[in-house]
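The structure under discussion appears below in the form of structure tokens.
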Amino acid sequence: MRKALVVALAVTLFTSVGFAADSTSASGPSPVTINAIIPSYIGFSMPSVASVTFDYSYLGAGVATGLPITKLATGNSPSWTLSYNLVGSPTITVCAYASPLTGTNNSSNSIPTSSIYAATGKSGTNAFQFNSNGCGQTGNAIVMDTITGATHSTGTAEALEGMFMQTPNGTVIAPDTYTGSVNIIAQVQ
């Protein structure tokens, strides 16, 4: 009798465990949401050159008398690579703007941005005038490029194809080393 009870108990236990295992193997799905966030982006590479130099070393007499002397930049003019991934098909305006050149030995010495000229393949040659505007920069921006229907690009070349400086007519520029900067900006509209 004991043997029959143990066998009956074992069969009952096996059937119960087997039945319970069958009922849990058919559970419903438990989903997890997956999100991907891809932001809009626009940016420039580092400039192709670190500096642009206008060397007037051999033109001392003309500079000393206040003659307007034009000097091409030595070396290469700067270029950048524009990359973007934008929503819709907006228009991108690319501009360059300059700061006045200030004397390193005497900060009261300066050369105005209207004496610095840049050439671009898309908008010709222009001075960085104080009365021009572009890309939301009040003052002296030169529009270098306009890209319509912009969606994405991994490398659009933007360059100042040439630069020169003309000393202001009638102004004697004090001997000094002058520094300033040219900056590039892109505005999405």
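- Between Leu160 and Ile142, every side-chain heavy-atom pair lies at or beyond the 4.5 Å cut-off.
- Scanning all heavy atoms of the two residues, the minimum distance from Ser107 to Thr102 falls at O-CG2, 3.3 Å.
- Rounding to the nearest 0.5 Å gives a distance of 8.0 Å between CG of Asn85 and OG1 of Thr151.
- Annotation for Ser83 and Gly155: closest pair OG-N, 4.1 Å, computed over non-hydrogen atoms.
- In terms of modelled atom types and a separation under 3.5 Å, the side chain of Asp176 and the main chain of Asn106 share a donor-acceptor contact.
- If you take OG on Ser77 and CZ on Phe164, they are separated by 11.0 Å, rounding to the nearest 0.5 Å.
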Compile the donor-acceptor pairs under 3.5 Å between side chains in residues 44-51 and protein atoms, sequence neighbours left out, one pair per line.
from: Ser45; atom 1: OG; to: Thr81; atom 2: N; distance (Å): 2.9
from: Ser48; atom 1: OG; to: Ser79; atom 2: N; distance (Å): 2.9
from: Ser48; atom 1: OG; to: Ser79; atom 2: OG; distance (Å): 3.1

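- Across every non-hydrogen atom of Asn126 and Gly124, the tightest pair is ND2-O, 3.8 Å.
- Thr120 places none of its side-chain heavy atoms less than 4.5 Å from the side chain of Asp145.
- When side chains are defined from C-beta on, Val182 does not count as touching Val52, because their heavy atoms never get closer than 4.5 Å.
- Using modelled atom types, one side-chain atom of Ser115 and one backbone atom of Gln166 make a donor-acceptor pair closer than 3.5 Å.
- By the 6.0 Å contact criterion, CG on Asn76 is open, its count of non-hydrogen atoms from other residues, nucleotides or ligands being 12 or less.
- Residue Leu101 holds its CG atom at 7.5 Å from OG1 of Thr179, rounded to the nearest 0.5 Å.
- Annotation: side chain of Leu72 is not in contact with side chain of Tyr117 (no heavy-atom distance under 4.5 Å).
- Lys122 approaches Met144 most closely through the heavy-atom pair CB-O, 3.4 Å.
- No side-chain heavy atom of Val94 sits less than 4.5 Å from a side-chain heavy atom of Thr156.
- Tested against Gln189 for a side chain to side chain contact (heavy atoms under 4.5 Å, CB included), the candidates Thr148, Thr93, Thr146 yield a single pass: Thr93.
- Cluster annotation: Leu86 and Trp80 are assigned to the same hydrophobic cluster (Ile/Leu/Val/Met/Phe/Trp/Tyr, side-chain heavy-atom contacts under 4.5 Å, transitive).
- Among all heavy-atom pairs drawn from Thr125 and Ala119, the shortest one is OG1-CB, 3.4 Å.
- Side chains of Ile173 and Tyr178 form a contact here, defined as non-hydrogen atoms less than 4.5 Å apart.
- Closest of all the heavy-atom pairs between Ile116 and Ser99 is CD1-O, 4.5 Å.
- The backbone N or O of Thr177 lies less than 3.5 Å from a partner atom in the side chain of Thr104, making a donor-acceptor pair.
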Starting from the C-alpha separation in whole Å, work towards a yes-or-no answer on side-chain contact (heavy atoms from CB on, under 4.5 Å) for Ile147 and Tyr84. CA-CA 11 Å; Ile147 304 165; Tyr84 54 89; 3.7 Å; yes
